[in-house]
There are 2 protein chains.
Amino acid sequence: MEELIKCCKEQGLRITKGLKAIMNALDEAKLPLSLQELEVNPQIAEICDRATVFRTLQRLEGIGLLRRLNFSHSGAKFSLNTGDAHKEYLICRLCGEVKELKMSCPVHQLEEKLSEENGYSAMTHELTFYGLCRKCN
Amino acid sequence: MEELIKCCKEQGLRITKGLKAIMNALDEAKLPLSLQELEVNPQIAEICDRATVFRTLQRLEGIGLLRRLNFSHSGAKFSLNTGDAHKEYLICRLCGEVKELKMSCPVHQLEEKLSEENGYSAMTHELTFYGLCRKCN
DNA sequence: TCATAAATGCGATATAGTTGCATTAAGAAA
DNA sequence: TTTCTTAATGCAACTATATCGCATTTATGA
């Protein structure tokens, strides 16, 4: 957390209450949060509004501290980019339940190959599994 | 194509001009299309409107003939589910260029394992790579 | 050809994402 | 500490996307 704040400073961001509250919420949540989920979080709602949350997320994504995830049938969700290990998720197509998977990513080493073959740089990837959870099945 | 129409019939869908036009467009496009892209396609626009395209996509997805894809910074896109081999894409984070990758999916065999471990059924997954293309870099 | 229910068109509405502008406040400089 | 500059904010408006209700049309089985 200290680490993250420091990183924001280095990148020229001002350390405001909103920024801290948002980063805290993202840090405490064990799962990615959407703009709306952040917006209604009591700790955050008290301090700042939707537009601020939106722009703060933009800034954090801009400096690479935040990862934007795109799950089926839900808007974008965001999670802090601690370390550079990305995460895999399992999503229920019906109720939207989000589970984080514990696995070593099986496609990481492909990035370099794809980067060369296609002339792309700054590679990242998303690997997401979908299914029907026990309740929804 | 014949195959797909047959499948629609078996699933109880009525074979309308709209359905055929939409499936054709998706079939001819080498890449996934968004609702808007379909809506403005001349072949389709002539026959039916946005709500119909929307609901047709819903139906096709419902019977498993259509796959909904979620790429960063763009709305949902759709592609026909021919065979059950899914596809991998490489997306430019800036201009949004979409490339289909030719690779044998390295995580397919993980689905069964995850299904058991988490009590999920009807598993699918999405593997998408992002980067900056030559032009945008 | 007729009857029935699925599919459609239209317009309204909901939801997510985004912006302009006047105001506030973080942090560097004095 | 006070002052100054400019990033950050709040508010409200706005755009784009997604979705729905209902009256009408049309595909298909009898």
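Because the structure is predicted, anything quoted here is derived from the model rather than measured. Note that these values count all heavy atoms, side chains included, but never hydrogens, waters or copies made by symmetry. Each chain gets a letter, A, B and so on, in the order its sequence line appears, and its residues count up from 1.
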Asks: For dT19(D) and Q58(B) - does any side-chain N or O of the residue sit under 4.0 Å from the phosphate oxygens OP1/OP2?
Replies: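 Answer no for this pair, as no side-chain N or O of Q58(B) is under 4.0 Å from OP1 or OP2.
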Asks: In whole angstroms, how far is the C1' atom of dG29(D) from the NZ atom of K9(B)?
Replies: 13 Å
Asks: Is the distance between the ring centroids of F129(A) and Y89(A) less than 6.0 Å?
Replies: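 Here the rings of Y89(A) and F129(A) have centres that are no less than 6.0 Å from each other.
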Asks: Considering heavy-atom distances to DNA chain C, does I15(A) or A76(A) have its closest nucleotide positioned more toward the 5' end?
Replies: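 Result of the comparison: A76(A).
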Asks: Expressed as a whole number of angstroms, how long is the span from K20(A):NZ to dA25(C):P?
Replies: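 Taking NZ of K20(A) and P of dA25(C), I get 15 Å after rounding.
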Asks: Nearest to the side chain of A51(A) - dT19(C), dC10(C), dA18(D)?
Replies: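 Looking only at heavy atoms from C-beta outward on A51(A), the closest nucleotide is dT19(C).
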Asks: Detail all sub-3.5 Å separations between protein N/O atoms and N/O atoms belonging to nucleotides 4-8 of chain D.
Replies:
{"residue": "dT6(D)", "atom": "O2", "partner": "R14(A)", "partner atom": "NH1", "Å": "3.2"}
{"residue": "dT6(D)", "atom": "O2", "partner": "R14(A)", "partner atom": "NH2", "Å": "3.3"}
{"residue": "dA7(D)", "atom": "O4'", "partner": "R14(A)", "partner atom": "NE", "Å": "3.4"}
{"residue": "dA7(D)", "atom": "O4'", "partner": "R14(A)", "partner atom": "NH2", "Å": "3.4"}
{"residue": "dA7(D)", "atom": "N3", "partner": "R14(A)", "partner atom": "NH1", "Å": "3.4"}
{"residue": "dA8(D)", "atom": "OP1", "partner": "R14(A)", "partner atom": "N", "Å": "3.1"}
{"residue": "dA8(D)", "atom": "OP2", "partner": "R59(A)", "partner atom": "NE", "Å": "3.4"}

Asks: What is the separation between atom CD on E39(B) and atom C1' on dT19(D), rounded to the nearest whole Å?
Replies: 13 Å
Asks: Taking T56(B) for its side chain and T52(B) for its backbone only, find out whether a donor-acceptor pair lies under 3.5 Å.
Replies: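 Here the side-chain-to-backbone pair exists.
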Asks: Roughly how many Å is it from CD in Q11(B) to C1' in dA6(C), rounded to a whole number?
Replies: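 It is 15 Å, rounded to the nearest whole Å.
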Asks: Between N24(B) and Q43(B), does any side-chain donor sit less than 3.5 Å from a side-chain acceptor?
Replies: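 No, no side-chain donor-acceptor pair sits under 3.5 Å.
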Asks: Find the distance D49(A):CG to dT24(C):P and express it as a whole number of Å.
Replies: 15 Å
Asks: Does any donor-acceptor pair link the side chain of R55(B) with the base of dG9(C) at a separation under 3.5 Å?
Replies: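 Side chain to base: pair found, below 3.5 Å.
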Asks: Pick the closest DNA chain C nucleotide for R50(B) and for G18(B) by heavy atoms, then say which residue is nearer the 5' end.
Replies: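 It is G18(B) whose nearest nucleotide is closer to the 5' end.
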Asks: Could you state the atom-to-atom distance from CD1 of I5(B) to P of dA27(D) in whole Å?
Replies: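 Roughly 13 Å, once rounded to whole Å.
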Asks: Is L57(B) touching bases, backbone alone, or none of the nucleic acid, heavy atoms closer than 4.0 Å?
Replies: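 Here L57(B) touches no strand at all.
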Asks: Give a yes-or-no answer on whether the side chains of S34(B) and E37(B) include a donor-acceptor pair shorter than 3.5 Å.
Replies: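 A pair is found: one side chain offers a donor N or O, the other an acceptor, under 3.5 Å apart.
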Asks: Rounded to the nearest Å, what distance is computed from the CG atom of residue N70(A) to the P atom of nucleotide dT17(D)?
Replies: 15 Å
Asks: Quick check: is L13(B) connected to F54(B) through a chain of hydrophobic side chains (ILVMFWY, heavy atoms under 4.5 Å apart)?
Replies: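 Yes, F54(B) and L13(B) fall within the same hydrophobic cluster.
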Asks: Whether K6(B) and E2(B) form a salt bridge (side-chain N of Lys/Arg under 4.0 Å from carboxylate O of Asp/Glu) is what I want to check.
Replies: no
Asks: Calculate the interatomic distance between Q36(A) atom CD and dT18(C) atom C1'; express it in whole Å.
Replies: 13 Å
Asks: With distance as the sole test, does N118(B) use its side chain to make a donor-acceptor pair with the main-chain N or O of L114(B) at under 3.5 Å?
Replies: yes
